Amino acid sequence: MRENGPVTSATRRPETPASTVPPRLIATDLDGTLLRDDKSVSERTVAALAAAEEAGIEVFFVTGRPARWMDVVSDHVHGHGLAICGNGAAVVDLHGGPGAHRFVKVRELERENALDAVRLLRDAAPGTVYAVEQTYGFYQEPAYPKLHMEVPDSLAPAERLLAPDAVGADEPVLKILAYHPEIDPDAFLTLARLAVGDRANITRSSPSALLEISGPGVSKASTLALCCAERGISHEEVVAFGDMPNDVEMLTWAGRSYAMGNAHPDVLAAASGRTVANNEDGVAVVIERILAERL
């Protein structure tokens, strides 16, 4: 199902003090947050996630990763088995295991918007190169660096990759990736947002100057808000974790939010609380505390 409707409440600050509302859902980023730097999930974190689900608190993995990279946590999904991928561009059922996931909801980036973003950013930052992330395919320009451990399905200029008759044109575009070899990552993000405006939502999660461009209004926060609304869960009942700019809206929206000890300064400013770094099991530390408070 494709869906790209706005969620007006996805960036508001909660009015109710977080400590007075028992959590019903935990939303956690993966890289730099739940995962250690070696991309593993520690035994302590696995136990904490299972204990939360057993206590009736749903756990949602909310990541910029594509669905095909979710094998790292596919053994740790419980209950609903859903994850939010591509910075909110897709809700995926992971119950089938690696390679057998099912797209439950897709909030695509229209090709016209993608082409506008490519053109405007090329003009604003000459030297930008692109890749295109679709539901099942990954396509890139020849000059796009080997940032991902995979072989692209096709090599061509972005304008060709996004053409109506391109290879994979029948698949929704989830996001486009824009890389610049020289510009400071935060400066590149600011420049891109000014250049592209409301034609797309732009964020970043990489330490390099790599931007992630999604459909207008599509973010981790807005898709999480949709999933919570379907379950009758309010933003006050959500506890969120993150470390990079693509987590800011989600952390601002959630009733309780935690920046990791290794978080970007914008994330530290957005979250209502802090925990220790990902390599110190910061997510598990907070979950254990939440469960202890319920006793």
Side-chain angles (χ1 to χ4, degrees), residues 1-13 27 29 62-67 84-92 103-125 128 130-135 137 139 158-159 161-164 166 168-180 185-186 188-206 210-230 235 240 242 244-254 266 270:
M1 177 176 67
R2 300 188 188 185
E3 185 170 330
N4 204 22
V7 180
T8 57
S9 64
T11 57
R12 90 181 156 184
R13 292 294 298 177
D29 173 52
V62 188
T63 179
R65 287 182 172 228
I84 295 172
C85 298
N87 290 328
V91 179
V92 181
F103 285 91
V104 176
K105 189 189 304 289
V106 172
R107 306 181 68 201
E108 68 183 293
L109 171 62
E110 297 291 346
R111 287 172 184 263
E112 181 178 353
N113 291 61
L115 286 166
D116 282 346
V118 166
R119 173 180 55 83
L120 292 166
L121 196 47
R122 277 203 205 281
D123 291 342
T128 301
Y130 298 94
V132 179
E133 185 75 63
Q134 297 183 211
T135 44
Y139 311 88
E159 292 81 358
L161 296 173
L162 293 165
D170 56 334
E171 287 182 38
V173 174
L174 298 184
K175 63 181 179 180
I176 54 176
L177 301 165
Y179 175 80
H180 200 284
D186 286 327
F188 191 31
L189 176 58
T190 299
L191 179 101
R193 285 174 169 171
L194 289 172
V196 175
D198 62 1
R199 292 172 179 83
N201 188 53
I202 306 178
T203 190
R204 57 174 285 256
S205 61
S206 170
L210 178 66
L211 305 182
E212 300 165 63
I213 304 174
S214 305
V218 176
S219 68
K220 289 185 176 186
S222 62
T223 301
L224 178 61
L226 287 170
C227 293
C228 287
E230 292 169 356
H235 65 100
M244 286 297 281
N246 63 331
D247 297 312
V248 165
E249 294 97 331
M250 178 174 73
L251 298 177
T252 303
W253 176 77
D266 289 352

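Small disclaimer: the values here were computed from a predicted structure and weren't measured. Both backbone and side-chain heavy atoms feed into the values below; hydrogens, waters and symmetry mates do not.
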**Student:** Evaluate the side-chain proximity of T223 to V91: yes if any heavy-atom separation is below 4.5 Å, no if none is.
**Tutor:** yes

**Student:** Any side-chain heavy atom of P216 within less than 4.5 Å of one from D198?
**Tutor:** no

**Student:** Just by modelled atom types, is the M244 backbone N or O under 3.5 Å from a matching donor or acceptor in the D247 side chain?
**Tutor:** yes

**Student:** Where the side chain of Q134 meets the backbone of G168, is there a donor-acceptor pair that is under 3.5 Å apart?
**Tutor:** yes

**Student:** R119: what forms a salt bridge (Lys or Arg N to Asp or Glu O under 4.0 Å) with it, not counting sequence neighbours?
**Tutor:** D116

**Student:** Between G88 and R107, which heavy-atom pair has the shortest distance, and what is it?
**Tutor:** O-CD, 3.7 Å

**Student:** Taking all non-hydrogen atoms of both residues into account, name the closest pair between A125 and F188 and its distance.
**Tutor:** CB-CE1, 3.9 Å

**Student:** So, K175 side chain and G64 main chain: donor-acceptor pair closer than 3.5 Å or not?
**Tutor:** yes

**Student:** Among N87, T63, D29, which one satisfies side-chain hydrogen bond (donor to acceptor under 3.5 Å, both in side chains) with N246?
**Tutor:** N87

**Student:** Is the closest side-chain heavy-atom distance between R193 and T203 below 4.5 Å?
**Tutor:** yes

**Student:** Are any of the side-chain heavy atoms of L189 and I202 separated by less than 4.5 Å?
**Tutor:** yes

**Student:** Any side-chain heavy-atom pair from D186 and R204 closer than 4.5 angstrom?
**Tutor:** yes

**Student:** Using side-chain heavy atoms (C-beta onward) and a distance below 4.5 Å, is H180 in contact with T128?
**Tutor:** yes

**Student:** State, with a plain yes or no, whether a side-chain heavy atom of S219 is found less than 4.5 Å away from one of W253.
**Tutor:** no

**Student:** Please give me the minimum heavy-atom distance between A169 and P164, naming the atom from each residue.
**Tutor:** CB-O, 3.1 Å

**Student:** Taking all heavy atoms of L161 and all of Y139, pick out the closest pair and write down the distance.
**Tutor:** CD2-CB, 3.7 Å

**Student:** Excluding sequence neighbours, so at least two apart, what forms side-chain contact (heavy atoms from CB on, under 4.5 Å) with A124?
**Tutor:** L191, A195

**Student:** Looking only at heavy atoms, what is the nearest atom pair of L121 and A178, with distance?
**Tutor:** CD2-CB, 3.8 Å

**Student:** So, E133 side chain and P66 main chain: donor-acceptor pair closer than 3.5 Å or not?
**Tutor:** no

**Student:** Give the minimum heavy-atom separation between N201 and G215, together with the two atoms involved.
**Tutor:** CB-O, 3.5 Å

**Student:** For the residue pair L109 and I176, establish whether any side-chain heavy-atom pair is separated by less than 4.5 Å.
**Tutor:** yes

**Student:** Who pairs with S205 by side-chain hydrogen bond (donor to acceptor under 3.5 Å, both in side chains), at least two apart in sequence or on another chain?
**Tutor:** E212

**Student:** Using 0.5 Å steps for rounding, measure from the NZ atom of K220 to the SG atom of C85.
**Tutor:** 10.0 Å

